[in-house]
Amino acid sequence: MKILVIEDNIELLKDIKNFLEVEGNICEIAHTYKSAYSKVGYFPYDILIVDIGLPDGNGLDIIKEVKKENIDAGIIIISARNAVGDRIHGLEIGADDYLTKPFYLAELNARIKALYRRKVYNGSREIFFNEIKIKPDSHEVFVNNHLLNLTKKEFDIFHFFVVNRHRLLTKEAIAEHLWGDHIEMADSFNFIYTHLANLRKKIAGSGGRDYIKSIYSVGYKFTDRE
Amino acid sequence: MNLVRKTNTYYLIFLAFLFPIMVTVDYYLIQYIVNSEVEEILLHESERINFHLVEEGTFPASNYLFETTPVSEDIAFSPKFKDTLFYEAYADKRIPYRTYEFIAQVHSQNVRISLKHVLLEINELILLLFVTTTLVLLVLVTGLFFINQKIYRWAWSPFFKNLTTLNNYDVAQKQSIHLEPSNILEFEELNKVVTSLIDQVKKDFQNLKEFNQNISHEIQTPLAIIRNKIVLLLESQNLDSKELQWVQAVYQETNKLSKIEKSLTLISRIENQEFKRLDSVDVRLLIENIMNNMIEMITFKKLKVKTNLNPVKIKCDLVLADILFTNLIKNAVQHNHEGGSIEMFLSEEKFEIINTGDESLIETAQLFNRFQKGNASKESLGLGLAINQRICELYGFRLDYNRQGRIHTFSLFFQ
């Protein structure tokens, strides 16, 4: 898909661009309001990632412009201002999602894919990975066409892994994905460890391969590469 | 007690002291005046009788003369006044008289002459004084009361208008405060002081708000970059174990820093009253949602949960309510031991959450302080309860903590 990232910090912009390009997306960047404004006007994008605080303008105005011009693009706001007002206002004027800085790139990636699926396929598209099939809208996972019996959190973890395949997912990123922003759970890492063990067992029970690899002690990677 | 009642009370207390003093002073004053008047009359009469005796040799007709007694010449006698009671047949009682005795010569014979003049009866005098003084004071009090009422309404009106303005004023609003001007010097001065104070508070409020926004933006963006780079470093997979430990430590501390900043900014924003929405929050539904998000963690820790939740609605910001209850429930899960229990009760009056856990080492009073941890758990920042405390202060809730052995109870009173 084609993505435009509007963000004034060049370094963060490069991180996001690199991350998304590895996923096979075409990713363009704009670090001012002006350049973002002209790009949105000239080229079609599937997804816009918009930072609210730009040096020469407000990201919300770009969203308003996009909506006014009837441009059909999914919009995700990224903002360091964790103001509830901003979030509500952003969603009201037509943004689809809102992420507060600092976010994990894996989280942004998951949100982009979910949004894209909602927009283009009405959420009905299945995700395939070798012998694995995921139906995101009904929270179902099939291994060799055999439905796995997963708890909600197990599905969340697994889905998060599959959309971020071949990526290192730190335990912190997984925990935040599962419980949200302001929860720091003392036992969350143990919980993740145990649930991954359960998941592996369930997948193995349906004849699936173990794609979940532990990376040092910092996190996990879902991959079929060596 | 309002101003006019307070003033009136002071007037009444003052009058209560003044009243007996006034009666006493009046009593002696009037007695003195009456006595000296009577004495003057009697002296005058004695002069007149003396004169008549010398000129005519006889007693004149006198209303005051009542007794003449011949006395021997060698008795030393000086004229004197006296108070005496005489029986009066017409009244059938003894009546007070002022008498004056002096010596005069009648036909070369010394005669002691007594003059008398009736006095007011003391009882009557006191009664009279009491009645008149009371009357005067009553008129005075009523007058003062009405004058006070008038003053209260007229002179203080700008003061009360300003009081209402101040009551309704919110430093978060854009326009500055406008106070009713007054021609009373003190009120005008009060207005000046209050206006400048409010301007200062307003400026501080704006500064703090801006600071909160800036610090979030300026710190969280670099933190995001640091974190992304660390993940790249970890993904490169050619670190030795020592380097790995360092990078991991940097990663953890970066996350901690980010969370601390978020929490402190949140506290600051609550204190700065930036949360204005008053949603009608269905507490039971909220708790059920939070429990749903944690149910697997609860199962994982093999916790027994018992709930008795009545449908309750409170007025507050939904985001803050979510944080408040999430923190409480999260604490009960987090500080529990495997196989422990959690009990929750919700009523119109309060929410109570009781959980098993370790014996906490810190005092109850310190529990709500920032960075105060119940145990040395690495991931806990010790800011959750400090945030809860601020939320409770904002809405007038009360959060109590109670521990009996290994049983911890948090009670949240809604009003």
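Just so you know, these numbers use all the heavy atoms, side chains as well, and skip hydrogens, waters and symmetry mates. Here is the naming used below: chain letters follow the sequence lines, and residue numbers restart at 1 for every chain.
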Is the count of non-hydrogen atoms from other residues, nucleotides or ligands lying under 6.0 Å from Y37(A) atom OH greater than 12?
no

Could you look at K276(B) and say if it's the side chain, the backbone, both or neither that has a heavy atom under 4.5 Å from chain A?
neither

Test side-chain contact (heavy atoms from CB on, under 4.5 Å) on I215(A) and L234(B); report intermediate values, then the result.
CA-CA 9 Å; I215(A) 304 295; L234(B) 288 168; 5.9 Å; no

Just wondering, more than 12 heavy atoms not from Q206(B) lying within 6.0 Å of its CD?
yes

Between E296(B) and K152(A), the two heavy atoms sitting closest are OE2-N, 3.1 Å

Interchain contact, F103(A) with chain B, by part (heavy-atom threshold 4.5 Å)
backbone

Run I88(A) and R277(B) through side-chain contact (heavy atoms from CB on, under 4.5 Å) and show every step you take.
CA-CA 12 Å; I88(A) 292 167; R277(B) 293 164 58 95; 3.9 Å; yes

Starting at OG1 of T299(B), measure out to CZ of F191(A) and round the result to the nearest 0.5 Å.
8.0 Å

Could you give me the CA-CA distance, side-chain angles and deciding distance for Y251(B) and T170(A), then say whether side-chain contact (heavy atoms from CB on, under 4.5 Å) is met?
CA-CA 10 Å; Y251(B) 187 69; T170(A) 59; 2.5 Å; yes

Working to the nearest 0.5 Å, report the span between CD of E172(A) and OG1 of T254(B).
10.0 Å

Chain A contact via L244(B) - side chain, backbone, both or neither, heavy atoms under 4.5 Å:
side chain

Which atom pair, heavy atoms only, marks the closest approach of L178(A) to N293(B)?
O-OD1, 3.6 Å

Check whether L12(A) gets within reach of chain B through its side chain, its backbone, both or neither, counting any heavy atom under 4.5 Å.
both

Kindly check if the number of other-residue, nucleotide or ligand heavy atoms within 6.0 Å of CG (N149(A)) is above 12?
no

Max heavy-atom pairs within cutoff under 4.5 Å with chain A, candidates I387(B), I295(B), I219(B), N255(B), goes to N255(B)

Rounded distance [0.5 Å steps], CG in N228(B) versus CD in E11(A):
9.5 Å

Can you confirm whether more than 12 heavy atoms, excluding those of K34(A), are under 6.0 Å from its NZ atom?
no

Gap separating the NZ atom of K330(B) from the CH2 atom of W179(A), nearest 0.5 angstrom:
12.0 Å

Are more than 12 heavy atoms, taken from residues, nucleotides or ligands other than K302(B), located less than 6.0 Å from that residue's NZ atom?
no

Using a cut-off of under 4.5 Å on heavy-atom pairs, state which of Q220(B), R227(B), E235(B), K301(B) scores highest against chain A.
R227(B)

Rounded to the nearest 0.5 Å, how far does OG1 of T151(A) lie from CZ of F300(B)?
12.0 Å

Neighbour count >12 (heavy atoms, 6.0 Å) for atom NE2, H166(A):
yes

Closest non-hydrogen atoms of V231(B) and L168(A), given as atom of the first, atom of the second and distance, are O-CD2, 4.0 Å

Spatial distance of atom NZ (K101(A)) from atom NZ (K262(B)) [nearest 0.5 Å]
11.5 Å

Please say whether more than 12 non-hydrogen atoms of neighbouring residues, nucleotides or ligands are located less than 6.0 Å from NE2 in H31(A).
no

